[in-house]
Amino acid sequence: MIGLVRRQVRELHVPWLEAMARGERDPFKVLISCILSLRTQDRTTGGASERLFALASTPEEMASLTVEEIQEAIYPVGFYKVKAERIRSLSRTIVERYHGRVPDSIDELLRLKGVGRKTANLVVTLGWNKYGICVDTHVHRITNRWGYVKTRDPEKTEAALREKLPKRYWREINGLLVAFGQGICRPQSPLCSRCRIRDYCDRVGVVRHR
DNA sequence: AAAACGGGGGC
DNA sequence: GCCCCAGTTTT
């Protein structure tokens with residue numbers, strides 16, 4: 001199954017994969033980018049992270065900005081007030097409690113206000129190059145459509161995927177699953193006619209094929 | 001015009 | 001478990 005997904009994704013031209021290839025490896029920038037993209041489609045962020053990082057690219061610099069300055073920089077992403085406050089408080093916490101170094105463990109990251117499992121896993125995998133399984137809404141949706149896991153709870157999906165997926169290729173697989181969800185197994189009107197794994201999918205005959 | 005989209009906190 | 005947060009894209 002993963003092999004088929006891999007072949008499928010190689011045929012796609014997905015912006016997310018380009019971002020992976022460019023490789024944001026600074027844990028702090030990964031963290032802040034995560035906050036910015038919460039409940040927001042990738043293509044709708046409108047250069048917000050670039051504008052913000054031009055103002056401040058370290059926890060120290062970010063902590064010295066006002067909430068208003070952060071808001072102005074990140075508009076028009078949705079939920080900009082909540083996000084600006086979280087970005088400021090996270091930056092301050094990282095400076096004060098962690099001496100400016102973003103934590104590198106899931107458990108430690110989860111103690112931060114504004115950091116949930118998806119964000120914690122992304123920081124750990126992209127920023128620190130350590131094992132993690134990033135379950136965003138795409139990964140949750142597609143693995144449940146396949147019947148690979150069966151639960152409404154993304155946290156349970158993550159636990160199941162940690163069990164079922166091969167451990168060796170976690171970095172590539174994290175990318176493949178998101179790319180597949182964005183490019184083929186989309187939220188509405190999935191491109192079933194182009195899907196390489198439709199024969200194995202629970203939803204054959206249920207979803208609309210295009 | 002209306003619905004879909006997508007994480008986490010507070011209660 | 002339910003509600004809140006704010007914008008863009010799709011139908």
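These numbers come from a predicted model, not from an experiment. Just so we're on the same page: letters track the sequence lines, and every chain starts at 1.
Counting only N and O atoms by type, the side chains of A:Lys113 and A:Thr93 include no donor and acceptor under 3.5 Å apart. Side-chain atoms of A:Arg152 and A:Asn144 include no donor-acceptor pair closer than 3.5 Å.
In this model, the phosphate group of C:dC5 is not approached by any side-chain N or O of A:Tyr80 to a distance below 4.0 Å at OP1 or OP2. Note on A:Ser189: a side-chain N or O is less than 4.0 Å away from OP1 or OP2 of C:dT11.
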(request) Could you walk me through whether A:Thr157 and A:Thr143 pass the side-chain contact (heavy atoms from CB on, under 4.5 Å) test, one step at a time? (result) CA-CA 8 Å; A:Thr157 296; A:Thr143 51; 3.7 Å; yes
(message) Using the rule given for side-chain contact (heavy atoms from CB on, under 4.5 Å), can you reason through A:Ile87 versus A:Met62, listing the C-alpha separation, both sets of side-chain angles and the distance that settles it, and then say yes or no?
(response) CA-CA 8 Å; A:Ile87 286 169; A:Met62 194 69 75; 3.8 Å; yes
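Shown here are the side-chain contact (heavy atoms from CB on, under 4.5 Å) partners of A:Pro103, two or more places apart in sequence or in another chain: A:Tyr98, A:Glu108, A:Leu109, A:Leu112.
Going from atom CD of A:Glu155 over to atom P of C:dG1 covers 13 Å, rounded to whole Å. Rounded to whole Å, atom C1' of C:dT8 lies 15 Å from atom CD of A:Gln182. Spacing between atom CG of A:Leu36 and atom P of C:dA6 amounts to 15 Å, rounded to whole angstrom units.
Side chain of A:Arg88 to backbone of A:Leu65: a donor-acceptor contact under 3.5 angstrom is found.
With values rounded to the nearest 0.5 angstrom, A:Asp136 atom CG is found 10.5 Å from A:Thr119 atom OG1.
Using a 4.0 Å heavy-atom distance criterion, A:Lys81 is classed as a sugar-phosphate-only contact.
Of the charged side-chain nitrogens involved, none lies within less than 4.0 Å of a carboxylate oxygen, so that A:Lys81 and A:Glu85 do not count as a salt-bridged pair.
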(message) Show me the dot-bracket string of DNA chain B, counting Watson-Crick or G-U pairs under 3.5 Å, with | for pairs to another strand and [ ] for crossing ones.
(response) |||||.|||||
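Rounded to a whole angstrom, the distance from the P atom of C:dT10 to that of B:dG6 is 12 Å.
When the nearest nucleotides of DNA chain C are assigned to A:Val77 and A:Arg186 by heavy-atom distance, the more 5′-ward of the two goes with A:Val77.
The shortest distance between side-chain heavy atoms of A:Leu177 and A:His138 does not fall below 4.5 Å.
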(request) Encode nucleotides 4-11 of chain B as B, S and - characters from 5' to 3', where the letter depends on protein heavy atoms closer than 4.0 Å: B to the base, S only to sugar-phosphate, - to neither. (result) SSBBSSS-
